[in-house]
Amino acid sequence: MTRAVIAIHGGAGALSRSTTSAAREQQYRQQLHDIVAAGQQILAAGGSALDAVTDAVRRLEACPLFNAGRGAVFTHQGTHELDASIMDGRTLQAGAVAGVSHIEHPILAARKVLEASPHVLLIGAGAEAFAVAQGLEPVAADFFSTPERLAQLLRVRDSNTTQLDHDAAATPLDEDRKLGTVGAVALDLHGNLAAATSTGGMTNKQAGRVGDSPLIGAGCYASNDSVAVSCTGTGEVFMRTLAAYDVAAQMKYAGRSLQQATASVIHDTIPELEGSGGLIAVDAQGNLALPFNSEGMYRGFAYVEGAVEVAIYRDS
């Protein structure tokens, strides 16, 4: 019997244990737990991996604790530009949107691209018009804004630097240094894989910048013959190394195990280009890997008949 499983991430990096209250840390853990549990229920009922990852990422986008959807970070110009992608391992169909500012759930727009468009990636106003034509309700641009994210922008806007949520240069990590991406991977009871990724980008980024999250093969990839992968990290490095597809390629062509391939990408390839971050991955046999080279990674997983497990730091 297929070992159906779902795994999610809320970005690499972690809250500082020394400056974060136990109550706030518990907020993150509870959200991770509840979202994994919802995905577990979808799979247990015979639902598809594609539906499970769509629902998980939609829930992550709805939670302002994470940098995707509501609670997304600001660009240098004080706007929000969101990206998302999704891939069906059974068919290799994929859909993605980039630079959208009026779609409440970018992952739902990406799913519409997968299902109803001959294209894979739509951007900006064209992506928004397509999503609305497909029945998604538009929202005002300030829907995504939160006081916490505005404060982040104001702290770094005059520095001419971007703020990557996962940057491990600061010890201990703080709210400004968590990786700004969410994602999910799943294997369903029918043996099909799927992956989804969504992000608000990075604080103080140039308007128009697109990272790895909406790019198939960079921040998201799924194929039934190998693996489903969702990445979180230094987007430019994950793009230059085709990180998600590299995991699949190592498994398919070099015969590496899931653990070997994911470790190679996260602990060798990405750091060689001074990148940091992590990924979540599940293979066709239901094996899981959740490696990261940053201080931590918000993560959780559950097999259909198992307990929900969540973690933030390296040891828990």
Side-chain angles (χ1 to χ4, degrees), residues 8-16 20 24-25 27-28 31-32 35 56-85 97-101 103-107 110 139 141-157 161-168 170 173-184 196-207 209-215 219-220 230-236 238 276-280 292 294-300 312:
I8 68 171
H9 70 78
L15 295 172
S16 165
T20 301
R24 186 157 180 82
E25 180 180 324
Q27 283 184 302
Y28 280 91
Q31 287 292 330
L32 292 169
I35 293 168
V57 172
R58 178 188 63 80
R59 291 171 183 270
L60 286 161
E61 289 175 341
C63 179
L65 292 174
F66 303 106
N67 175 20
R70 184 165 175 78
V73 298
F74 284 84
T75 68
H76 179 77
Q77 288 75 12
T79 59
H80 300 283
E81 295 182 349
L82 294 80
D83 311 323
S85 62
V97 295
V100 297
S101 303
I103 302 299
E104 180 177 356
H105 290 292
I107 195 61
V139 295
D142 63 359
F143 171 84
F144 306 103
S145 305
T146 61
E148 294 80 8
R149 294 305 191 188
L150 179 59
Q152 284 182 317
L153 174 65
L154 296 178
R155 283 195 292 271
V156 300
R157 183 156 59 179
T161 62
T162 53
Q163 193 78 22
L164 286 167
D165 284 357
H166 65 284
D167 189 349
L173 286 173
D174 59 29
E175 278 287 330
D176 292 348
R177 296 179 179 272
K178 301 194 317 297
L179 256 177
T181 310
V182 304
T197 307
S198 182
T199 188
M202 56 187 181
T203 297
N204 204 35
K205 68 180 181 179
Q206 173 64 42
R209 179 263 184 184
V210 176
D212 65 304
S213 296
L215 301 183
C220 180
S230 175
C231 299
T232 168
T234 313
E236 281 68 15
F238 280 74
S276 63
L279 61 78
I280 56 174
F292 53 93
S294 51
E295 293 295 315
M297 183 170 71
Y298 298 86
R299 60 203 188 275
I312 298 176

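For the atom pair Thr79 OG1 and Asp142 CG, the distance stands at 12.5 Å (nearest 0.5 Å). The distance from atom CZ of Arg70 to atom CG of Leu60, rounded to the nearest 0.5 Å, is 15.5 Å.
Side-chain atoms of Arg209 and Glu236, non-hydrogen and from C-beta on, do get closer than 4.5 Å to each other. Under the 4.5 Å side-chain criterion, counting only non-hydrogen atoms from C-beta, Leu65 is in contact with Arg24. Contact of the Phe144 side chain with the Val139 side chain is registered, since non-hydrogen atoms from C-beta on lie closer than 4.5 Å.
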Q.
Evaluate Val182 against Ile8 for side-chain contact (heavy atoms from CB on, under 4.5 Å), listing each step before the verdict.
A. CA-CA 7 Å; Val182 304; Ile8 68 171; over 6 Å; no
Q: Check the pair Gln31, Tyr298 against side-chain contact (heavy atoms from CB on, under 4.5 Å), reporting the backbone distance first and the verdict last.
A: CA-CA 10 Å; Gln31 287 292 330; Tyr298 298 86; over 6 Å; no
Q: Dump the intermediate steps for side-chain contact (heavy atoms from CB on, under 4.5 Å) on Leu153 and Val73, then the final yes or no.
A: CA-CA 8 Å; Leu153 174 65; Val73 298; over 6 Å; no
Q: List the steps, then state whether side-chain contact (heavy atoms from CB on, under 4.5 Å) holds for Gln77 with Gln206.
A: CA-CA 7 Å; Gln77 288 75 12; Gln206 173 64 42; 3.3 Å; yes
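Between the side chains of Gln152 and Arg149, a donor-acceptor pair is found at a separation under 3.5 Å. Neither side chain, Glu81 nor Thr75, offers a donor N or O lying under 3.5 Å from an acceptor on the other.
Residues satisfying the ring-ring contact (aromatic ring centres under 6.0 Å, His included) test with Phe74, not counting sequence neighbours, are His80. Every residue two or more places apart in sequence or in another chain that forms a side-chain contact (heavy atoms from CB on, under 4.5 Å) with Ser213 is listed here: Thr181, Thr197, Thr199.
In terms of modelled atom types and a separation under 3.5 Å, the side chain of Ser101 and the main chain of Ala141 share no donor-acceptor contact.
Here the closest non-hydrogen pair linking Asp212 and Cys231 is OD2-CB, 4.0 Å.
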